[in-house]
Protein chains: 2
Amino acid sequence: MLERIHLRIIHAVHQQGSLTAAAKELCVTQSALSHTMRKLEDNLGTAVWVRDGRSLRLTQAGHYLLNIANRALPLLSGAEERLKQIAMGERGTLRIGMECHPCYQWLLKVVSPFLETWPGVDVDVKQKFQFGGVGALLDYEIDLLVTPDPYFKSGLVFEPVFDYEQVLVVPKDHKLTAKKFAQAEDLRDQVLFTYPVSKDRLDIYTQFLNPDQVIPKQHKTVETTDIMLQMVACGRGVAALPRWLAEEYSTKLPLSVVRLGKSGIAKQIYLGTREGDSDIDYLSAFIKMAHSYKHPVAISP
Amino acid sequence: MLERIHLRIIHAVHQQGSLTAAAKELCVTQSALSHTMRKLEDNLGTAVWVRDGRSLRLTQAGHYLLNIANRALPLLSGAEERLKQIAMGERGTLRIGMECHPCYQWLLKVVSPFLETWPGVDVDVKQKFQFGGVGALLDYEIDLLVTPDPYFKSGLVFEPVFDYEQVLVVPKDHKLTAKKFAQAEDLRDQVLFTYPVSKDRLDIYTQFLNPDQVIPKQHKTVETTDIMLQMVACGRGVAALPRWLAEEYSTKLPLSVVRLGKSGIAKQIYLGTREGDSDIDYLSAFIKMAHSYKHPVAISP
DNA sequence: TTTTAATTATGAGTAAAATTAATAGATTGT
DNA sequence: ACAATCTATTAATTTTACTCATAATTAAAA
């Protein structure tokens, strides 16, 4: 088996130019090194060094291994370095899972000051989960879940970070802008844009269209918010998004916002964590910072 | 120390989902695995797995290590695979060193049929050497040296592959085309293009200009043959190159060729190898193929 | 609940492997 | 030719890893 020590030997002997010097660098006796080198060559079935008098040089196989060493050794020592930091609590990765497409914009606003405050902590955002966000949290694939659907389960903690209203976004000159609020019927002749997720996870269906058994003229999915709103702005259809997000975009694009139903659709965003992680300082810090980035206005009267 | 076995364990336990299953995969007892895992965590100072009942899941540190494992393990097993092939003589890399800039074009013609004939052998071409081509050969950095300057030394073998004439390349309508051959004086008012190497390795200087103590109007260096001859073709200067190379280009560009001195400059290209490598089959095969790609015409009368 | 099957953890003994010390052999430069 | 320096080898020692036997824990079945 090709072990780490073998790569270190190949590297050290090449760099130092001699077995004796390499032995010093590796903190073993010259004898030990000689033994190990011989055994390595025996196991590989190939010469790794050419013994020309008292100088050692790499063979072709040796050069190949040196190349492997130069790639693998930094990987390993880097890992050790980092693990040491993790062990001392100096460093970690905050792995955030997102189950709320439009929240991405909000998340970015929280992440950037967080990275400044916690220089030793990396942030990683994931959006796809084989067994859902809660599964990812339980399986230690992520450390924090951003979701509109808290799923209370022992071992997990959910807390709301902000309330918002889900509204209909339409072009500025759209006929619905005349109404105080939209009704399900109003979408029967409209093209609806949503993110590409199943319908039972879209509030526009579960809380608005389905109760009145209305199906829009057409349903198209778009990956990104930018493109979606570009499409809406130029009259290709309508979309359902958080009010704060729609209002942010309406300064750049000719968009209007219409309430969904007489009393509006109220939503909350929750942050979920594992119970056992409550002692991770940077995790609690992130949640605290997230609270301070609440978007104003839940449902205004 | 983070060893290969640790990465294999992390990988296996994650994939199999249990310690016992992983032990089977790694061909050790469950006990051995348990001991090793514990020792690893002790050494790292961090938990790698979360023991939740009888299921093991990776911690954050564990996930990080899994990532390292996924990068490092293929590197190592790939290396072993290849070393095995090298040991059985099924595979190798022919590392060719070039000390003859224009020969690159010739080399390409030899390499391509070689790669077809020897599918298990890779070819690598290097052009820069800290201690010259001969040093690189002796240091096992390369296995074959292509050079116009054989440097006979014990342990090395040089053999000529082809003769050629070094000629002056000028624009098609150049005044020198009228002459049977160029004299050093003729270059006094010319711009000379060469590859960027020291003057004592340029035949145009050592064998042509220096004897008559002539310095051209200007001396510019160019990396590639293509650009150099483009420059010559549009009247920016002249260059000294092998006749076969110049004639190849003169079908595409408006170029002419003029002999250097009354009797021309005769050159040979040699292939150098280490004496001890004479038993490497693909190396001798390459040299044999190289002979069959001789360029015609040394110095024609 | 008790039982059963399966999984992980632990302790002690054993086998294997790596390391060392001592020394011989080889090479280089003065 | 000699001293200095390097590598190789042998035998003894230490260290390490592994296994066996068994305990402890967990999850599901009776």
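Bear in mind the structure is a predicted one, so any value in this text is a computation, not a measurement. Numbered from 1 within each chain, the chains take letters A, B, ... in sequence-line order.
Contact annotation: B:Arg51 does not reach the phosphate of D:dT26 (side-chain N/O to OP1 or OP2, under 4.0 Å). Contact annotation: B:Ser55 side-chain N/O to C:dT7 OP1/OP2 distance is not under 4.0 Å. The side chain of A:Arg38 places no N or O atom within less than 4.0 Å of a non-bridging phosphate oxygen (OP1 or OP2) of D:dA8. When the side-chain nitrogen and oxygen atoms of B:Ser34 are compared with OP1 and OP2 of C:dA9, one or more of them lie within a distance under 4.0 Å.
Here the CD-CD distance, from A:Gln85 to A:Glu80, works out to 12.5 Å after rounding to the nearest 0.5 Å. Rounding to the nearest 0.5 Å gives a distance of 12.5 Å between NE2 of A:His14 and CG of A:Leu65. To the nearest 0.5 angstrom, A:Ser198 atom OG is 11.0 Å from A:Tyr205 atom OH.
Rounded to a whole Å, the CG atom of B:Leu56 is 11 Å from the C1' atom of C:dA9. As a whole-Å value, the separation of B:Arg57 CZ from C:dT8 C1' is 15 Å. In this entry the distance linking CG of A:Asp42 with C1' of D:dA8 reads 13 Å, nearest Å. Atom CH2 of B:Trp49 is separated from atom P of C:dT8 by 12 Å (rounded to the nearest Å). The distance from atom CG of B:Leu19 to atom P of D:dT19 is 13 Å, rounded to the nearest whole Å. One interatomic measurement links the two molecules: CE of A:Met1 to C1' of D:dA17, which rounds to 15 Å at whole-angstrom precision. For A:Leu33 and C:dT19, the CG to C1' distance is 12 Å, given to the nearest whole Å. One can place CE of A:Met37 at 14 Å from P of D:dC6, the figure rounded to the nearest angstrom.
Between A:Trp118 and A:Phe114, the ring-plane angle classifies as parallel under the 30° and 60° cut-offs.
With C:dA21, D:dA8, C:dT8 as the choices, the nucleotide that has an atom nearest any side-chain atom of A:His35 turns out to be C:dA21. Looking at the side chain of B:Thr20, the nearest of the listed nucleotides C:dT7, D:dT19, C:dA18 is C:dT7. Distance from the side chain of B:Ala32 is smallest to D:dC18 among C:dA21, D:dC18, C:dT8.
Counting non-hydrogen atoms of neighbouring residues, nucleotides and ligands closer than 6.0 angstrom, the NZ atom of B:Lys84 reaches no more than 12 such neighbours.
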Do A:His101 and A:Gln127 pass the side-chain hydrogen bond (donor to acceptor under 3.5 Å, both in side chains) test, and can you show the C-alpha distance, the side-chain angles, and the key distance before you say yes or no?
CA-CA 8 Å; A:His101 255 85; A:Gln127 306 215 50; 4.6 Å; no
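Distance alone, capped at 3.5 Å, is enough to place a donor-acceptor pair between the B:Arg274 side chain and the B:Leu137 backbone.
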Quick one: what's the B/S/- string for nucleotides 22-30 of chain C, heavy-atom cutoff under 4.0 Å, read 5' to 3'?
-----BS--
